[in-house]
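Structure first, then comments.
The structure presented is a predicted model; accordingly, all values stated were derived computationally and were not measured. We count ligands from 1, going down the list as the structure has it; atoms in each ligand are counted the same way.
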Amino acid sequence: MSFDSRANVIRAAGLHPVVDLNTMELLEIEDNYQGGTDPEVMGEYLPDLLPMRLRPVAPLEISQPDGVGFTLDGTLLSWQNWQLRVGFNHRESLVLHQVAFQDGERLRSVAHRLSFAEMVVPYRDASPDHYRRTAFDIGEWGLGFMTTSLSLGCDCLGEITYLDAVVHDSQGSPVTIPNAICIHEEDSGVLWKHVDERAGAEVRRARRLVISFHVTVANYEYLVYWRFYQDGNIECEVRATGIVVTSHASGPPLNGTLVDQGTYAPFHQHFIVARLDLDVDGQPNTVYACESHALPVSDANPHGLALEIIETPLRTESDGRQTYDWDTQRSWKVASTGSVNGLGTRPAYKLVPAGSFPSLIDESSPAFQRAEVIGHTLWVTPYAPEERWPCGEFPNLSRVDLGLPAWTARDRSIEDTDVVLWHVFGLHHITRPEDWPVMPTDAVSFWLKPFGFFDRNPALDVPPSPHPQCQA
Ligand SMILES: [Cu+2]
């Protein structure tokens, strides 16, 4: 191990003491140092220690002089047509309950509960430095415990409402995390627009309600944003930032990227499992895989332009193990089986994946055996209150995944029932020199989009902006 006081970094060069934590006995010292000179590393990000000047930036302020557009009554949050309850616990951090949309006279259910249930981060480096680094950030560490306080103007900009959260310490005493959850409205560009030569330009600006929290997981930060839109869309975005794990590079790295002199950042993956307990217009729902297919040229399709959508109902849990397919642009529709819309079709919400990637791992690897959940983009189960943790209740030191693979082995029916979707998404992090010494946020997301939930664009009633030029 070397300590470079000028760069203020400690770099482990393949030295690992192996200790039995029950007896505090030193069992072994692994030393796989490959040799090489002590490199010149610039690992600083604090302004006072940077070798360059800070750039000039013009002020940008956001104000809502008449106050915010949402109300908070206890944990009940209401904004325009949306209504939901805000919750929190030590393992999942922010949880959204009873998400519903006021549609005329009807308060219509979209989701019973939305949260993150697991995060699996295997480091994809064959060296002895990283094979133990297969963190379960939720099952082992707990996002709630790692939730950090947010600051006005830095973490959240504008008119902000904060909520505190309470977790417990190792003695069981309560610990308050001030400003753990941020609630605010944001401008989100154009919602809809048309320019007609007689009617002129008609434009509506989009606004979204954002509920967010940040966690610090040792070297990394995850910033989580649930966004609710005026057109019924829900977006969940995760931004990863912080400091990438690095190791001493004695030559060109095989499973990572050189990010500084003699320093490489191993490739790794951040798999996040969102638990989406949707109740689209009530509990009886069926999930359909929706796939686009091009039809061959025929008498009925003389120009070869016909595209058809095949919707396949997922009837059992083995059907519910789904993988994203680029070739068919696969997505999943969660349709009410107890109601119809004004067009005579089933009201639905569609899960649109935007940050999915294959696990790309040998299935005999212990890292995969412990987290088989990462082998699919989507799992669907019938609601069972005790089924909460996709890699098992206690994944620390597990050998196999006792969560979703075990539950779904029963191959229960998932048709016309209260379904839970488990969506696996995240970052396939091929590290870059630009991620060092502190990583600019990398964002991934998924969307829940209404599909026939409404009979037409539900944002027709959004008024024009009060700006004089928007008032035709
Ligand atoms: Cu990463």
Near the Cu ion (ligand 1), meaning under 2.8 Å, how many protein N/O/S atoms are there?
4
Does any part of the side chain of Leu209, heavy atoms only, come nearer than 4.5 Å to the side chain of Leu77, both counted from C-beta?
yes
Tyr324-Phe357 aromatic ring centre distance below 6.0 Å
no
Residue pair Val57 / Arg55, side-chain heavy-atom distance below 4.5 Å:
yes
Measure the spacing between CD of Gln230 and CZ of Arg204 and express it to the nearest 0.5 Å.
10.5 Å
Kindly indicate whether the side chain of Arg207, heavy atoms from C-beta on, has any atom under 4.5 Å from the side chain of Leu191.
no
Assess, by modelled atom type and distance only, whether the side chains of Ser93 and Thr147 contain a donor and an acceptor separated by less than 3.5 Å.
yes
